[in-house]
Protein chains: 2
Amino acid sequence: MSKSTVPTSVIRRLPRYYRFLGELENQGALRISSRELSERMGSTASQIRQDFNCFGCFGQQGYGYNIKELREKIGNILGVNAISPMILLGAGNLGKAIATHIDFEKRGCRLIGIFDSNPDVQGRIIGELEVKSTDLLEEFCKTEKPIAAVLCIPKTETAAAAAQLISYGIRAFWNFSHYDLKFEHSDIIVESVHLGDSLMTLAFGLHKITGESDSGR
Amino acid sequence: MSKSTVPTSVIRRLPRYYRFLGELENQGALRISSRELSERMGSTASQIRQDFNCFGCFGQQGYGYNIKELREKIGNILGVNAISPMILLGAGNLGKAIATHIDFEKRGCRLIGIFDSNPDVQGRIIGELEVKSTDLLEEFCKTEKPIAAVLCIPKTETAAAAAQLISYGIRAFWNFSHYDLKFEHSDIIVESVHLGDSLMTLAFGLHKITGESDSGR
DNA sequence: TAGATTGTTAATCGATTAACAATC
DNA sequence: TAGATTGTTAATCGATTAACAATC
């Protein structure tokens with residue numbers, strides 16, 4: 001029975017809590033206080049307690065938090081056990097890397113199909129999946145009912161592909177294309193990873209270090 | 001002569017402005033008002049004017065902003081012309097994808113070396129670079145003086161590798177490992193891309209859609 | 001019980017939005 | 001000039017931090 005709406009800022013921190021708690025559990029730790037966790041994670045004890053309280057009372061006064069229990073609860077909130085079937089579009093370098101590098105199962109997802117419009121890559125095996133033609137998408141979605149799609153396709157194709165996928169029942173996108181997906185009046189979920197923007201942010205920092213010479217005044 | 005300190009929230013929006021302005025320029029548009037840009041980008045005109053004013057006065061009352069000029073100015077702030085030499089560690093699936101998929105040059109960076117500790121991948125060509133042994137790192141850094149490093153290495157190796165690289169003169173990291181790099185008392189720049197966390201955030205949204213059945217009560 | 005640490009309210013801080021005078 | 005739109009200040013909103021009573 002979660003509080004009405006949990007702020008996105010809190011939700012974005014949950015996977016990180018989950019990771020840190022996992023490590024602590026592996027190290028054999030049983031309990032942790034918000035203060036100690038805050039020191040390890042570089043945040044404040046106050047924020048940690050506030051965050052957890054969005055979902056109910058996980059701790060015990062005078063004791064702290066039970067690591068195993070807390071981790072499980074956060075896992076349940078994130079839905080790591082409610083596996084969602086996903087497909088991936090675009091078996092280029094990036095698509096291949098995502099498909100092989102990410103442990104979908106650990107994160108509440110399962111990759112059940114990979115598609116590419118390029119006949120040259122169709123038929124190749126990535127992980128345990130054979131790359132299929134995008135012509136088979138509609139039929140596949142009808143029978144296998146994936147709920148989300150990873151988009152590793154060029155910017156120019158993204159809008160059309162997303163629209164098509166929605167008509168096939170896809171409700172969420174993990175978007176790696178440089179196109180800014182937006183669906184104003186619908187409940188489609190979009191999680192975008194703009195690698196180019198991320199690198200530019202880094203470049204800005206570098207520029208500040210190095211470029212004390214230029215500066216157009 | 002930029003204002004004392006620009007908030008990170010603003011800096012993170014700059015690459016996106018840069019992208020949208022690039023598209024407008026390609027479409028042949030000459031000027032744009034903060035209102036029109038806000039509608040295209042899904043933000044507010046107020047925010048756009050505030051953001052730009054962190055760096056000085058880019059527009060003209062009654063007219064709006066000159067697209068070409070504005071884009072150039074943002075590009076200069078981001079440092080897209082002040083090329084920083086970078087190296088990449090870890091030529092696995094992800095490292096290979098980053099090296100080939102990202103246009104570093106467009107974003108103020110140049111990839112000048114790829115390194116991997118695994119002899120099996122050493123010697124392979126990725127893009128235009130040959131994967132080198134990590135044994136050659138120190139010597140390479142001495143002569144080529146890269147300033148930043150992309151980390152596509154396993155979590156367990158990240159802390160040690162980062163410390164080593166800093167001793168070789170590296171000042172910034174584009175971190176794809178699942179390890180949370182932190183350098184409390186130094187001016188090292190870290191831009192982390194936690195793909196796993198990103199997927200989990202998506203999974204949370206999916207869980208909310210699908211999992212109306214369970215919910216611990 | 002006394003000490004520790006939570007849950008929760010209140011205070012602060014920063015970021016976003018609104019408003020409007022300045023000005024092209 | 002009149003209309004449009006910025007630059008900038010003020011108001012609002014949300015998120016973070018501090019404080020402390022509740023309680024294990």
Side-chain angles (χ1 to χ4, degrees), chain A residues 1-17 20-21 24 29-74 77 182 201 204, chain B residues 1-17 20-21 24 29-74 77 182 201 204:
Chain A
M1 222 153 273
S2 55
K3 300 264 172 63
S4 49
T5 32
V6 180
T8 345
S9 49
V10 176
I11 291 160
R12 295 216 153 271
R13 281 193 289 267
L14 291 183
R16 196 151 169 272
Y17 289 131
F20 271 81
L21 292 168
L24 285 163
L30 295 178
R31 61 169 280 272
I32 195 160
S33 68
S34 55
R35 190 184 49 72
E36 200 188 332
L37 188 58
S38 74
E39 279 163 12
R40 284 174 186 266
M41 297 188 59
S43 61
T44 66
S46 224
Q47 180 170 76
I48 287 174
R49 293 204 297 277
Q50 286 276 29
D51 283 359
F52 293 168
N53 269 80
C54 289
F55 303 98
C57 304
F58 292 171
Q60 191 173 319
Q61 278 111 327
Y63 173 83
Y65 298 88
N66 178 306
I67 290 172
K68 189 166 182 297
E69 194 184 304
L70 178 58
R71 179 160 183 274
E72 270 170 21
K73 282 186 175 174
I74 293 177
I77 291 162
K182 253 183 303 174
T201 307
F204 170 83
Chain B
M1 222 150 273
S2 56
K3 299 263 174 64
S4 49
T5 34
V6 179
T8 345
S9 49
V10 175
I11 291 160
R12 296 217 152 269
R13 281 193 289 268
L14 292 182
R16 196 151 168 271
Y17 289 130
F20 271 80
L21 291 167
L24 285 164
L30 295 178
R31 61 170 281 273
I32 196 159
S33 69
S34 56
R35 190 184 49 71
E36 200 188 331
L37 188 58
S38 74
E39 280 163 10
R40 284 174 187 266
M41 297 189 60
S43 61
T44 65
S46 224
Q47 180 169 76
I48 287 174
R49 293 204 296 278
Q50 287 277 29
D51 284 359
F52 293 168
N53 270 80
C54 290
F55 303 98
C57 303
F58 294 172
Q60 190 173 318
Q61 277 113 328
Y63 173 83
Y65 298 87
N66 178 306
I67 290 172
K68 189 166 181 300
E69 195 185 303
L70 177 60
R71 180 159 183 274
E72 271 170 20
K73 282 186 174 175
I74 294 176
I77 292 162
K182 253 183 303 175
T201 307
F204 170 84

side-chain N/O B:Arg13 vs C:dT16 OP1/OP2, d < 4.0 Å: yes
Rounded at 0.5 Å granularity, tell me how far CD1 in A:Ile32 sits from CZ in A:Arg40. 5.0 Å
Could you give the CD-to-P distance, from B:Gln61 to C:dT23, as a whole number of Å? 7 Å
C:dT5 P sits how many Å from A:Ile67 CD1, rounded? 13 Å
Point-to-point distance, once rounded to the nearest 0.5 Å, from OG of A:Ser33 to CD of A:Gln60: 13.5 Å
Within this structure, what is the CD1-OH distance for the pair A:Ile74 and A:Tyr17, rounded to the nearest 0.5 Å? 8.0 Å
Which part of the nucleic acid, if any, lies within reach of A:Ser46 when heavy atoms closer than 4.0 Å are counted: base, sugar-phosphate only, or nothing? base
Closest to the A:Thr44 side chain, choosing from C:dT16, D:dT17, D:dT6: D:dT17
Separation of C:dG3 atom P from A:Arg35 atom CZ, nearest Å, is 17 Å
Gap between atoms CD and C1', on B:Gln60 and C:dT23 respectively (whole Å): 9 Å
Nucleotide of D:dT5, D:dT8, C:dG7 approaching A:Arg49 most closely (side-chain heavy atoms): C:dG7
When rounded to the nearest 0.5 Å, the distance separating CG of A:Leu21 from NZ of A:Lys73 is 12.5 Å
Please determine, for D:dT8, whether a Watson-Crick or G-U wobble partner exists with both distances under 3.5 Å, and give it or none. C:dA19
Without decimals, in angstroms, what is the distance between B:Tyr63 OH and D:dG7 P? 13 Å
Report the nucleotide, chosen from C:dG7, D:dT6, D:dA15, that has the shortest atom-to-atom distance to any side-chain atom of A:Pro7. D:dA15
Let me know the distance between CG of B:Leu37 and C1' of D:dG7, rounded to the nearest Å. 16 Å
According to the Watson-Crick and G-U wobble definitions, with both distances under 3.5 Å, which nucleotide is paired to D:dC24? C:dG3
Interatomic spacing from CG in B:Asp51 to CZ in B:Phe58 - rounded to 0.5 Å: 10.5 Å
OP1 or OP2 of D:dA4 less than 4.0 angstrom from a side-chain nitrogen or oxygen of B:Tyr65, does that happen here? no
Between atom CD in A:Glu36 and atom C1' in C:dA4, what is the gap in whole Å? 13 Å
Measure the distance from CD on B:Gln50 to C1' on D:dT12 and round it to the nearest whole Å. 13 Å
If you pin A:Ser43 and B:Gly62 to their nearest nucleotides in DNA chain D, which one's is more 5'? B:Gly62
Residue A:Asn53, side-chain atoms from C-beta onward, closest of C:dG7, D:dT6, C:dT16: C:dG7
Give one of base, sugar-phosphate or nothing for B:Phe52, where a contact means two heavy atoms less than 4.0 Å apart. nothing
